[in-house]
Amino acid sequence: MSDRVAVFNKGVVEQVGTPQEIYDHAATEFVCNFIGDSSALTPEFVAELNRLSGAGLSTDARSYLRVEKASLDAPGNGGAGVGMSGKVLSRTYHGLHSRYVVRSHGADIRLLVREDGGAHPEAGTETTIYLQPAHVLQYHPETGVALRQQDPAVALP
């Protein structure tokens, strides 16, 4: 990996920044989907997250959550954030971690959960996922531009 990355879309630069800036603060929806793995959030999911947390996220924006930003660990167990109820759709074991899909408020949330030898929920069971509203990436539904640009990466037209 280099210290600066440019992401192109059809020959046009979408964003220039460090790999971490681009991953954590994608300037456009294209960059968000091109770099990394994210779950698309429904307006219903965002509304419930706002209700539980007091966050002011837009329910009209296109919203995403990176797979490593959600957890099945309650805040007291090393996890952090707001708890959202859901149902495990699938669990795929990969040795050091398992990949989960949990449906919550109409959104299929993908998570990576470290395998520690403890009990983990199986497909079909109810569970709680935890996330921080600040980790939700939001984009204008027509332009695809990030609603909150908080990073030093440069968004180019």
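No hydrogens, no waters, no symmetry mates; every other heavy atom, side chains included, goes into these values. Since the model is a prediction, treat every value here as computed from it, not as a measurement.
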Peer 1: Between His97 and Leu112, does a side-chain contact (heavy atoms from CB on, under 4.5 Å) hold up when you go through it step by step?
Peer 2: CA-CA 6 Å; His97 70 273; Leu112 291 177; 3.4 Å; yes

Peer 1: Would you name the heavy atoms of Val31 and Val7 that are closest together and state the gap between them?
Peer 2: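 Of all heavy-atom pairs spanning Val31 and Val7, the closest is CG2-CG1, 3.9 Å.
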
Peer 1: So, Glu122 and Lys87, do they make that salt bridge, N to O below 4.0 Å?
Peer 2: no

Peer 1: For Thr18, does its backbone N or O pair with a side-chain atom of Glu21 as donor and acceptor, under 3.5 Å?
Peer 2: yes

Peer 1: Applying salt bridge (Lys or Arg N to Asp or Glu O under 4.0 Å), can you list everything that pairs with Glu44, at least two apart in sequence or on another chain?
Peer 2: none

Peer 1: Any sub-3.5 Å donor-acceptor pair from His140's side-chain atoms to Thr143's backbone N or O?
Peer 2: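 Yes: the side chain of His140 pairs with the backbone of Thr143.
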
Peer 1: Identify the heavy atoms of Leu65 and Ala70 that sit nearest to each other, and give their distance.
Peer 2: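 The answer is CD2-CB, 3.8 Å.
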
Peer 1: Between Val16 and Val5, is a side-chain contact (heavy atoms from CB on, under 4.5 Å) present by the stated rule, with each step listed?
Peer 2: CA-CA 6 Å; Val16 176; Val5 176; over 6 Å; no

Peer 1: Using side-chain heavy atoms (C-beta onward) and a distance below 4.5 Å, is Arg110 in contact with Asp108?
Peer 2: no

Peer 1: Taking the side chain as every heavy atom from C-beta outward, state whether Ser63 and Leu57 have any pair of such atoms under 4.5 Å apart.
Peer 2: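 They are not in contact (no side-chain heavy atoms under 4.5 Å apart), so the answer is no.
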
Peer 1: Are the charged groups of Arg99 and Asp37 less than 4.0 angstrom apart, N to O?
Peer 2: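 Here Arg99 pairs with Asp37 in a salt bridge, since their nearest N and O are under 4.0 Å apart.
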
Peer 1: Among side-chain atoms of Glu29 and Tyr64, is any donor-acceptor pair under 3.5 angstrom?
Peer 2: yes

Peer 1: Measuring from Leu111:CG to Arg91:CZ, what's the distance to the nearest 0.5 Å?
Peer 2: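 Going from CG on Leu111 over to CZ on Arg91, the span is 12.5 Å.
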
Peer 1: Is it the case that one hydrophobic cluster holds both Phe34 and Ile22, taking links as side-chain heavy atoms less than 4.5 Å apart, direct or via other members?
Peer 2: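 The answer is yes; both residues are in one hydrophobic cluster.
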
Peer 1: Within the side chain of Thr42, is there an N or O that forms a donor-acceptor pair under 3.5 Å with the backbone of His105?
Peer 2: yes

Peer 1: Short question: side chain of Ser104, backbone of Ala107 - any donor-acceptor pair under 3.5 Å?
Peer 2: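 A pair under 3.5 Å: no.
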
Peer 1: Going through the distances and angles, do Met84 and Leu52 end up as a side-chain contact (heavy atoms from CB on, under 4.5 Å)?
Peer 2: CA-CA 8 Å; Met84 306 269 296; Leu52 293 172; 3.7 Å; yes

Peer 1: Using modelled atom types and a 3.5 Å cut-off, is there a donor and acceptor pairing between side-chain atoms of Thr28 and backbone atoms of Glu14?
Peer 2: no

Peer 1: Could you tell me whether the side chains of Glu115 and Ser98 share a donor-acceptor contact shorter than 3.5 Å?
Peer 2: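 Looking only at side-chain atoms, Ser98 and Glu115 do form a donor-acceptor pair, the distance falling under 3.5 Å.
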
Peer 1: Minimum heavy-atom separation for Asp73 to Tyr130, with atom names?
Peer 2: O-CD1, 3.2 Å

Peer 1: With a 4.5 Å cut-off on side-chain heavy-atom distances among I, L, V, M, F, W and Y, is there a chain of contacts connecting Val67 to Val102?
Peer 2: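 Hydrophobic grouping puts Val67 apart from Val102.
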
Peer 1: More than 12 heavy atoms of other residues, nucleotides or ligands under 6.0 Å from CD of Glu126: yes or no?
Peer 2: yes

Peer 1: Show the numbers, then the answer: is there a side-chain contact (heavy atoms from CB on, under 4.5 Å) between Tyr100 and Ile109?
Peer 2: CA-CA 8 Å; Tyr100 280 83; Ile109 308 299; over 6 Å; no

Peer 1: Taking the side chain as every heavy atom from C-beta outward, state whether Val136 and Gln132 have any atom pair closer than 4.5 Å.
Peer 2: no

Peer 1: Taking all non-hydrogen atoms of both residues into account, name the closest pair between Pro121 and Leu72 and its distance.
Peer 2: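 Scanning both residues, the minimum pair turns out to be CG-CD1, 3.9 Å.
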
Peer 1: What are the two closest non-hydrogen atoms of Ala27 and Gln15, and how far apart are they?
Peer 2: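 Smallest interatomic distance, heavy atoms only, reads N-OE1, 2.6 Å.
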
Peer 1: So, does Tyr139 use its side chain to make a donor-acceptor pair with the main chain of Ala26 at under 3.5 Å?
Peer 2: yes

Peer 1: Would you give the length of the straight line joining atom CD of Glu68 to atom OG of Ser38, rounded to the nearest 0.5 angstrom?
Peer 2: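 With rounding to 0.5 Å, CD (Glu68) is 8.0 Å from OG (Ser38).
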
Peer 1: Is it possible for you to check whether Arg66 lies under 6.0 Å from the centre of the six-membered ring of Tyr23, through NZ or CZ, and within 45° of that ring's axis?
Peer 2: yes

Peer 1: Is any side-chain heavy atom of Val82 closer than 4.5 Å to one of Leu49?
Peer 2: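 Contact flag for Leu49/Val82 side chains = yes.
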
Peer 1: What are the two closest heavy atoms between Thr59 and Pro43, and how far apart are they?
Peer 2: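 So the minimum-distance heavy-atom pair works out to O-CB, 3.5 Å.
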
